[in-house]
Structures are given as structure tokens and as C-alpha cells.
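Just so it is clear, the model here is predicted, and its values are computed rather than measured.
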Amino acid sequence: MPRAGIEGGDVIITCRDFVFSTYDEVRVRFGGAQTRPISASSERVIAPVPSSTLVEGTVDITLESSGATSNPESFVVGHKICENLHPVANPAYDRDNGTLYTTLSGTRGQKVPVSVYKITGDGESEPFLTDVVNPTGIAFSPKGEMFVSSRYDGTIYRVTPFKETEDFARNLGIATGIAFDSNGMLFVGDRGGTIYRVNDIGEAVSFATLEPSMAAYHLAFGPDGYLYVTGPTLSSFDAVMRISPEGEVSRFFSGLGRPQGLAFDRTGNLYVAASRRGHRGIVKITRDAEAELVVAGSGLVGVCFDDHGNLIVASTRELFRVPLAIEGYWPF
């Protein structure tokens with residue numbers, strides 16, 4: 001069973017000799033919220049995580065049938081931070097002020113009223129940028145400057161302290177995921193098959209080539225100094241790729257369905273929004289390439305850490321905060 005989940009995620013509960021007469025009498029309780037299972041047998045029950053308006057934080061999961069209740073198992077239900085968004089990649093956390101940023105990306109070529117939202121530490125969301133078409137990736141430089149990619153025009157925009165955008169690098173194909181290394185160099189994923197390295201004056205060179213993605217490339221640097229990249233294809237057996245500082249590409253982990261946003265913790269574990277063995281959520285992959293589902297959730301596209309041990313999870317419409325007491329990794 002995963003240790004946490006967000007509303008709508010499927011939780012697989014392994015049990016032994018769970019007895020019930022009919023499926024209709026089975027109930028799963030998450031703290032004070034009760035839900036009906038999706039499926040049930042004597043050895044396994046699958047149940048949806050209830051809405052965070054009903055329950056959130058650390059709760060006990062119990063199975064109920066014919067008046068009998070199982071022993072409890074601890075579980076964390078994530079808190080919904082905001083909704084009515086359209087992220088297509090990781091949210092970004094500003095360590096200078098504890099603020100989250102995420103996009104309302106829209107369909108290709110669509111000019112939406114607000115392209116980037118700011119979410120304060122107390123959960124209040126407000127418009128931040130309005131003039132980027134199809135904003136995709138967001139990243140902060142070592143100097144604390146925000147950069148935003150546009151998959152519409154292939155441009156990387158730098159955001160000024162006055163919330164104005166200026167062109168930083170252009171002609172980068174279908175620019176999607178972005179990330180900075182420990183030296184402050186920007187890397188950009190063109191989903192057509194190229195990873196670009198961009199210097200501090202916006203000059204781009206091809207750094208590595210990968211199989212094209214049907215959606216986007218998602219980028220994150222690990223504590224080992226390598227760049228890790230996901231890019232969902234039509235395959236149901238996608239991989240996390242690893243690129244050395246010299247641009248050599250290797251396969252780090254295979255066996256994920258539609259892997260998208262990714263982030264590292266301080267000890268080098270990788271967290272990826274993906275499906276694993278038919279169940280979707282956040283998959284944790286250790287440095288030894290061992291994988292497990294740690295957060296159950298559907299429609300997830302991005303993930304990042306804040307400075308308080310929380311995992312911030314993005315679906316296609318919402319942001320959730322999952323308190324897991326995990327320290328995130330930042331390259332600088």
C-alpha cells in the first residue's frame with residue numbers, strides 16, 4: 001500500500017482472510033471519511049482516496065464488513081491547495097519567500113487571461129503573469145530569477161522583479177521542461193528530440209538527443225550532477241533517461257507508463273509522476289533503481305518539494321500538498 005494519496009487516487013490495500021458476504025457490505029474508512037471499494041477480495045481491496053474536504057493529513061485506514069473492523073494502517077491524505085489550473089509540468093517553489101508557482105497552459109496557441117499563478121504560503125492564489133502563450137516549464141536560477149518556457153513559440157522568458165517578461169533564448173523548438181545545474185547553466189527540453197544547454201546570455205547549443213516525446217520533456221538534476229529526463233511516448237514501458245555532464249545518454253530506469261514531472265530528495269531518491277504496474281501516482285525510484293508507488297493519484301503531471309518536508313503534487317487541474325517529512329534536493 002502506498003504511504004499517501006490525493007483525492008481520486010486508487011489505494012491498494014493488501015489483507016489476509018478478509019471475510020465479507022457481499023461486495024455491497026464492504027466499506028473502507030479513511031479516518032472519519034467512509035468510501036466504497038472499487039474492488040474487493042479476501043487478499044486485496046482497492047479503494048479511492050476521499051476528497052480532502054472530508055479528510056486530510058495522517059489518518060488510519062480500516063476495512064469494515066458485517067460489523068467487524070480490521071486493524072488500522074497509517075496513511076497520509078494530501079491537502080488540496082488550489083484548483084482550476086492547467087499545469088503540464090512541475091510546479092516551482094521559490095525558496096526565497098516560500099511561494100509556489102504553476103501554470104494555466106491552455107491548448108496549443110490559446111492565449112489565456114492568466115498564464116502563471118502565484119500561490120502563497122497560506123494557500124492564497126493570485127495572477128502573476130499574463131503574457132506568455134502556452135507556458136510550460138518554470139525554474140529559478142541560482143540568482144533567484146524566474147524563467148518560463150513556452151511550447152508555443154520555443155522561447156525561454158526571463159521574469160523581471162516587476163513581473164514583466166523578456167526574451168532570454170529563442171528558437172528552441174517545442175520548448176517544454178527546463179532546469180538549472182549547479183553552475184547556473186540552463187537546460188531546455190525540446191520535445192522534438194533535443195536537450196539544449198543555454199549560457200547566461202541566452203546562447204543555446206545542442207547538448208543531447210533523445211527519442212521525441214508525444215507531450216513534453218521533464219528535466220531534473222540529481223545530486224550526482226547528472227540530468228534526468230522523462231518524456232512520455234506511445235509506449236506503455238517508458239524510461240527515465242540519464243545524461244552525464246558530457247552529454248552521454250543512458251537509461252536509468254524502465255517500466256513506467258507516461259512518466260512526466262520529476263524531482264529528487266536530498267538523499268538521491270527520484271520521485272516521478274507516472275504509472276507503475278497499472279497504478280498511477282508518484283513513483284519513488286532509489287539510487288539502486290528500485291521502485292515503489294508512494295503517493296496514489298490520477299492525472300498527475302508534476303511534482304516538487306518545498307522547504308517544509310512536503311511533496312507538492314500537480315494534476316492537470318489542481319495542486320496538492322502531501323506532508324511526508326522528506327527534504328528536497330536543490331542543485332544550488
Inset, instruction - Give a yes or no on this: more than 12 heavy atoms of other residues, nucleotides or ligands lie within 6.0 Å of atom OH of Y101. - result: yes
Test side chain to side chain donor-acceptor pair (under 3.5 Å), reference H79, set R321, E7, E56, output is E56
**Prompt:** Near E73 CD, under 6.0 Å, is it more than 12 heavy atoms from other residues, nucleotides or ligands?
**Reply:** no
What one should report as the nearest heavy-atom pair of S182 and P331 is CB-O, 3.3 Å
Partner of F264 under ring pair (Phe, Tyr, Trp, His ring centres under 6.0 Å), picked from Y228, Y271, F305, F252, is Y228
Check ion pair D224-R242 (N to O, under 4.0 angstrom) | yes
Looking only at heavy atoms, the pair that brings Y217 and E211 closest together is OH-O, 2.7 Å
Exercise. Does the S244 side chain pair with the main chain of E246, one donor and one acceptor, at a distance under 3.5 Å?
Worked result: yes
Ring pair (Phe, Tyr, Trp, His ring centres under 6.0 Å) test vs F187 passes for just one of Y196, F207, F180, namely F207
The ring-ring contact (aromatic ring centres under 6.0 Å, His included) partners of F320 (sequence neighbours excluded) come to none
Fill in: Verdict with reasoning, V28 to I61, per side-chain contact (heavy atoms from CB on, under 4.5 Å)
CA-CA 7 Å; V28 181; I61 292 182; 4.0 Å; yes
ask   = Does the side chain of R27 come within less than 4.5 Å of R36's, by heavy atoms?
value = yes
_Are V313 and I81 linked, directly or through intermediate hydrophobic residues, by side-chain heavy-atom contacts shorter than 4.5 Å (ILVMFWY only)?_
yes
Worksheet entry | Any V76 side-chain heavy atom under 4.5 Å of R3 side chain | no
- Any side-chain heavy-atom pair from D306 and L100 closer than 4.5 angstrom? no
Tightest non-hydrogen contact, residues F30 and V77, listed as CD2-CG2, 4.5 Å
